[in-house]
Amino acid sequence: MEVESSRHLPSIRVGPGVITAVLRLLGFIDELPAGATGVLHFGEHGIILLQSRRICWAVARGMRIRLTDILRHQSTPPLPREAVEEIYRTCKENGTPIGEALLASGLVTEVGLRAALFKHNGEAITQLAQSNAMPDGFTVHTKTDYDPKFSFSACEVLAALGSLEDPARAIAAQLELANTLVQESSGAAFARSDTAAGSLVIAVDRQCDFPVQDLVEICNWVAGLFDVARTFDPSACAARATWGGSIALVTWRVAELGYVGLCSSRAAAARLVSQLGQRAAAGAIAASGGETA
Amino acid sequence: MNIAPFRANGAPEAGTLQLDITYALASMRTGSLLDAEGAGEAQEQLEGLAATLPDLFGTVDTGSLDRISERLGGDGETENFAEILLISPEHTHVIQPLVARPGVALLAVSRGTSSIGLVLSAVRARLDVLESG
């Protein structure tokens, strides 16, 4: 599994106010229709470019980092500034997408470009959120030629921010999700933290694309489920809740972290529960004695 | 209708897997068992499970469930969870709200987790009996 360790956003200081502000801003994106493609304007504060409601590019006024700098410093020694800026200038002149040109040049890899875009967009969105900017317009684009590989869901942005509190823990959580989730399921890992008013989402799989407020709401409910379960079965470590016919959430916890897999079919939920049941019987998933997510 | 908790662990037939399931009905509003006779050593667990009902069913935002369902390709408005299953290394707990008796849920506690499918089948069969009765 590909774990993008360079996703971290080192220049952002995460606190409860930041998470709340980012949740509010991402909520504006979640409210757009599924196919929303175009530019979401935030007055003079900046813009977010979306394709099918996924985040392709974001810019905030007064940003401290530039994509070219992020890309340059992915290599040791850093890529020559002139080489990257030359490609950037050419793209600006002839309208070629910068990502395609950078990949074609061989200066960056797909993984490196995705990580750099993620870092850039995460910084921009956090800055927009902290400025309390409100969206004041949406310009619809009819062209949808942005490569989906280089776009991000609102959940991914939220998780990247949450991962900053403990990057190593977030990478371990992402591996746990990758190793456990089954087809037709998508999920998140969360922790209890002073950084967030409720659950802090610290990792998601790449398919995780739910309204961020609703994802946090589900994580909070799951945290409460394990809290109350502790009163009569302290070793309860996994659960499933079904609704709406075939939809289910499957949750489990490992040490201090909680995990949620949202399943679109009964079969997927059954596979996930079966797998967790076997792990529970073998003692491979279990709660620690302390407070858990 | 009122049922007393009962154990489903009668004498096993040769070659069959014995299920040890204890059932009870509980109020989802108050979290109390509606009939606690006969639960034996599982009574404490059933009481604990029953006590969680107001929290589990009263704190979920059904709007969130609807919107998540929509993203997963589901449809229709959600009233609440239709079934909750809780697993530990020693027990499987099942909560099944009754459609025929709103505000009442069938609770089941089974020892062990090696046959979750069988436990669920037994609980759903029990639920069918209650719903049709």
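Per chain, numbering begins at 1; letters A, B, ... match sequence-line order. Keep in mind that the numbers below use all heavy atoms, side chains included, and drop hydrogens, waters and symmetry copies.
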In chain order, what residues pass the side chain to side chain donor-acceptor pair (under 3.5 Å) check against B:Asn80, with sequence neighbours excluded? none
For A:Val273, which atoms come within 4.5 Å of any heavy atom of chain B: side chain, backbone, both, or neither? both
Which region of B:Leu120, side chain (C-beta onward) or backbone (N, CA, C, O), has a non-hydrogen atom less than 4.5 Å from a non-hydrogen atom of chain A, or is it both or neither? side chain
Shortest non-hydrogen contact from A:Ser235 to B:Pro89? O-CD, 3.3 Å
Heavy-atom distances under 4.5 Å only: say whether A:Leu262 touches chain B with side chain, backbone, both or neither. both
Does A:Gln275, at its CD atom, have more than 12 non-hydrogen atoms belonging to other residues, nucleotides or ligands within less than 6.0 Å? yes
Which atoms form the tightest heavy-atom contact between B:His93 and A:Asp233, and what is the distance? NE2-OD2, 2.8 Å
Distance-only, no hydrogens or angles: does the A:Glu217 side chain make a donor-acceptor pair with backbone N or O of B:Val60 under 3.5 Å? no
Looking only at non-hydrogen atoms, find the nearest pair between A:Asp214 and B:Ile68 and report the distance. O-CD1, 3.9 Å
Which one, B:Ala82, B:Ser64, B:Ala51, leads in non-hydrogen pairs under 4.5 Å with chain A? B:Ser64
A:Asp209 portion near chain B, given a 4.5 angstrom heavy-atom threshold: both
Select one option (side chain, backbone, both, neither) describing which atoms of A:Thr242 are under 4.5 Å from chain B's heavy atoms. both
Can you give me the closest heavy-atom contact between A:Cys263 and B:Leu72, atom names plus distance? O-CD1, 3.8 Å
Evaluate side chain to side chain contact (heavy atoms under 4.5 Å, CB included) for B:Leu65 paired with A:Ile218, printing each intermediate quantity in order. CA-CA 8 Å; B:Leu65 298 182; A:Ile218 289 295; 3.6 Å; yes
Are there more than 12 heavy atoms of other residues, nucleotides or ligands under 6.0 Å from atom CZ of A:Arg266? no
Would B:Arg71 and A:Asp30 count as a side chain to side chain contact (heavy atoms under 4.5 Å, CB included) here? Give the steps. CA-CA 11 Å; B:Arg71 294 270 180 117; A:Asp30 284 328; 3.5 Å; yes
Just jot down the ring-ring contact (aromatic ring centres under 6.0 Å, His included) partners of B:Phe81, sequence neighbours excluded, or say none. A:Trp221, A:Trp243
What are the two closest non-hydrogen atoms of B:Ile116 and A:Gly277, and how far apart are they? CD1-CA, 4.0 Å
For the candidates B:Thr59, B:Asp55, B:Ile84, B:Thr62, which exhibits the highest count of non-hydrogen atom pairs separated by less than 4.5 Å from chain A? B:Ile84
